[in-house]
Colleague: 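Pasting in a structure now, in structure tokens, and then I'll have a few things to ask.
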Amino acid sequence: MKIYQGKTFEVVFCEWNQEFPGYSIISCDKKSLSDLSDSDWIELGRIEKELERVMKKVFDATMFNFVCLMNDAYRDGNTPHVHWHLSPRYKGERVILGKKYNDIHFGQNFRKYLLDPEKRQKDIFTEDEKNKMLQMVQNEFNLKD
């Protein structure tokens, strides 16, 4: 579900996976980081700054992991495109939509746990709750071009 559409980048709220409340993807159609213009980098910086502000306000995020990996595209034979995964991280318990949430790997590289179903962070939110979370983010996100 789209949060924002800019000149080069769009931001999508990953309602299919909210292991880290606010998890989103910032993407564009450029194939390589070196294809980004100076103005693209400025736009990206503005988007990242606004996403951090929103996730702190809406979910009380502590810090953020921004990950730009394009390995899967090459591995799977797809055309790569530049995108970042934004994973807000949370030190201590949060209550989000009435549910207690704990970032069990705060302070660690959580990606090493992704393939282990016993150790990975659990997505505790229902589809309805994820839609409410999206609405909260959309209502707060305010980036003027």
Colleague: From the options Ile47, Val11, Leu51, select the one residue that forms a side-chain contact (heavy atoms from CB on, under 4.5 Å) with Leu86.
Modeller: Leu51
Colleague: One thing to verify: whether Glu43 and Lys7 come together as a salt bridge, which I'm taking to mean a side-chain N less than 4.0 angstrom from a carboxylate O.
Modeller: no
Colleague: Just by distance, do the side chain of Arg89 and the backbone of His105 share a donor-acceptor pair under 3.5 Å?
Modeller: yes
Colleague: SG of Cys68 to NE2 of His85: how many Å apart, nearest 0.5 Å?
Modeller: 8.0 Å
Colleague: Let me check something: do Met133 and Val12 share a hydrophobic cluster, defined by ILVMFWY side-chain heavy atoms less than 4.5 Å apart, either directly or through other members?
Modeller: no
Colleague: Under a 3.5 Å distance rule, please check whether Gln138 uses its side chain to pair with a backbone N or O of Lys2 as donor and acceptor.
Modeller: yes
Colleague: Would you say the side chain of Asn65 lies within less than 4.5 Å of the side chain of Phe20, judging by non-hydrogen atoms?
Modeller: no
Colleague: Are Val54 and Leu143 co-members of a hydrophobic cluster defined by side-chain heavy atoms under 4.5 Å apart?
Modeller: yes
Colleague: Examine distances only and state if a side-chain atom of Arg94 and a backbone atom of Gly92 form a donor-acceptor pair shorter than 3.5 Å.
Modeller: yes
Colleague: With the side chain counted from C-beta on, respond yes when Val67 and Ser87 share a heavy-atom pair under 4.5 Å apart, and no when they do not.
Modeller: no
Colleague: Passes side-chain contact (heavy atoms from CB on, under 4.5 Å), Lys91 versus Asp103? Steps please.
Modeller: CA-CA 7 Å; Lys91 183 177 183 178; Asp103 183 343; over 6 Å; no
Colleague: Fit a plane to each ring of Phe66 and Phe64, take the angle between them on a 0 to 90° scale, and name the class: parallel (under 30°), tilted (30 to 60°) or perpendicular (over 60°).
Modeller: tilted
Colleague: Between Phe59 and Met63, is there a shared hydrophobic cluster once you connect ILVMFWY residues whose side-chain heavy atoms come closer than 4.5 Å?
Modeller: no
Colleague: Can you tell me if Asp35 uses its side chain to pair, donor with acceptor, with the backbone of Ser32 under 3.5 Å?
Modeller: yes
Colleague: Is there a side-chain contact between Thr8 and Asp29, using heavy atoms and a 4.5 Å cut-off?
Modeller: no
Colleague: Just how far is it from atom CZ of Arg46 to atom CD1 of Ile42, taken to the nearest 0.5 Å?
Modeller: 9.5 Å
Colleague: So do the side chains of Glu15 and Glu127 get within less than 4.5 Å of each other, counting heavy atoms only?
Modeller: no
Colleague: To check you understand the geometry: which heavy-atom pair defines the closest contact between Glu48 and Ile26, and what is its length?
Modeller: CG-CD1, 3.9 Å
Colleague: Ignoring hydrogens, what is the shortest heavy-atom contact between Pro88 and Tyr23? Give both atom names and the distance.
Modeller: CD-N, 3.8 Å
Colleague: Any carboxylate oxygen within less than 4.0 angstrom of a Lys/Arg side-chain nitrogen, looking at Lys49 and Glu52?
Modeller: no
Colleague: Take the angle between the ring planes of Tyr4 and Phe141 and call it parallel below 30°, perpendicular above 60°, tilted in between.
Modeller: tilted
Colleague: Report yes or no: does Gln121 contribute a side-chain atom to a donor-acceptor pair with the main-chain N or O of Asn102 at less than 3.5 Å?
Modeller: yes
Colleague: Would a hydrophobic clustering, with Ile, Leu, Val, Met, Phe, Trp and Tyr connected at side-chain separations under 4.5 Å, put Met1 with Phe9?
Modeller: yes
Colleague: Give a yes or no on whether the backbone of Tyr90 and the side-chain of Tyr101 come within a donor-acceptor separation of less than 3.5 Å.
Modeller: no
Colleague: Where do Asp123 and Lys130 come nearest, in terms of heavy atoms and distance?
Modeller: OD2-NZ, 2.8 Å
Colleague: If we only count heavy atoms from C-beta on, is the Met55 to Val137 side-chain gap below 4.5 Å?
Modeller: yes
Colleague: How far does CG of Leu33 sit from NZ of Lys30, to the nearest 0.5 angstrom?
Modeller: 11.0 Å
Colleague: Within a reach of under 6.0 Å around CG of Asn78, are more than 12 heavy atoms found that belong to other residues, nucleotides or ligands?
Modeller: yes
Colleague: Between Gln135 and Asn131, is there a donor-acceptor pair closer than 3.5 Å when you use the side chain of the first and the backbone of the second?
Modeller: no
Colleague: Taking the side chain as C-beta and beyond, is there a heavy-atom pair between Cys28 and Asp40 under 4.5 Å?
Modeller: no
Colleague: Would a single hydrophobic cluster contain both Leu97 and Leu134, if residues Ile, Leu, Val, Met, Phe, Trp and Tyr are joined by side-chain heavy-atom contacts under 4.5 Å?
Modeller: yes
